[in-house]
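Notes to accompany the following structure.
Just so you know, ligand 1 is whichever comes first in the structure, and atom 1 is the first atom listed for that ligand.
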Amino acid sequence: MTALPLDERGYPIPFFVAFVGGKPEFRVADAEKRYRCVKQKLCWMCGNPLNHGKHTFVIGPMGALNRTTDEPPCHNGCAEFSVKACPFLSMPKAKRRDAGIPEEARHPAGISIDRNPGVTCLWTCRGYQLFHDGRGGALFKIPNPSCVRWWTEGRKASRGEVLASINSGLSILQEMANQDGPESTALLEKLKADVMKFIPAFTPMTCGDLMPEDRD
Ligand SMILES: [Zn+2]
């Protein structure tokens with residue numbers, strides 16, 4: 001991350017950031033860079049090769065629940081840097097500012113729930129699968145993790161904070177599943193039970209420390 005160019009405020013400009021009119025637009029991901037990250041196995045944050053066998057997805061609670069994201073993985077160190085430094089990820093009360101974003105960039109692949117998730121999940125694993133979202137885009141299917149950490153406001157999140165964030169997103173999904181029928185409701189229950197295995201038991205310190213073999 002230290003080799004990244006800086007913007008006029010002195011923030012590093014992540015690799016994925018799109019340039020609009022010659023200026024970095026932090027709210028929009030560059031589609032071509034996303035393609036290069038997949039093709040050349042590059043880190044979404046710094047653009048350098050992911051030469052380690054494991055990588056880390058930066059996802060919201062709903063991404064952890066359905067094991068799906070539209071963003072390629074990063075080096076673990078880059079993922080940690082982003083949860084400490086990114087204004088959107090580190091300040092859950094910050095609202096997304098959509099003004100001035102091109103319409104097509106507001107709705108990336110898949111169905112995203114338009115809310116600030118409050119907590120961010122760092123999901124370290126090996127590999128992924130790409131699949132079509134049925135609307136012309138591609139999504140990442142995330143495999144079982146070797147380590148999962150939850151962050152909020154630039155620090156590790158507590159169990160209560162993670163549960164509150166998951167439950168607020170779940171109420172939206174629950175409604176969608178109920179309309180869909182009993183099969184969807186059952187699937188959602190299963191996904192919910194799965195994600196509960198990866199939530200810190202008591203305090204932030206009991207979960208969230210990387211094993212040495214997971215480091216970059
Ligand atoms: Zn990186």
query: Do you reckon Leu188 sits in the same ILVMFWY cluster as Ile142, going by side-chain contacts under 4.5 Å, direct or chained?
result: yes

message: Just verifying a value: how many Å separate His55 NE2 and Cys125 SG, rounded to the nearest 0.5 Å?
response: 4.0 Å

- request: At a cut-off of 2.8 Å, list the protein N/O/S atoms near the Zn ion (ligand 1), residue plus atom name.
  value: Cys43 SG, Cys46 SG, His75 ND1, Cys78 SG

statement: When rounded to the nearest 0.5 Å, the distance separating CZ of Phe140 from CG of Asp70 is 8.0 Å

message: To check you understand the geometry: which heavy-atom pair defines the closest contact between Ala138 and Leu130, and what is its length?
response: CB-CD2, 4.5 Å

- prompt: Using 30° and 60° as the class limits, which term best fits the ring planes of Tyr128 and Phe57: parallel, tilted or perpendicular?
  reply: perpendicular

- prompt: Which pair of non-hydrogen atoms, one from Cys121 and one from Val148, has the smallest distance, and what is that distance?
  reply: SG-CG1, 3.6 Å

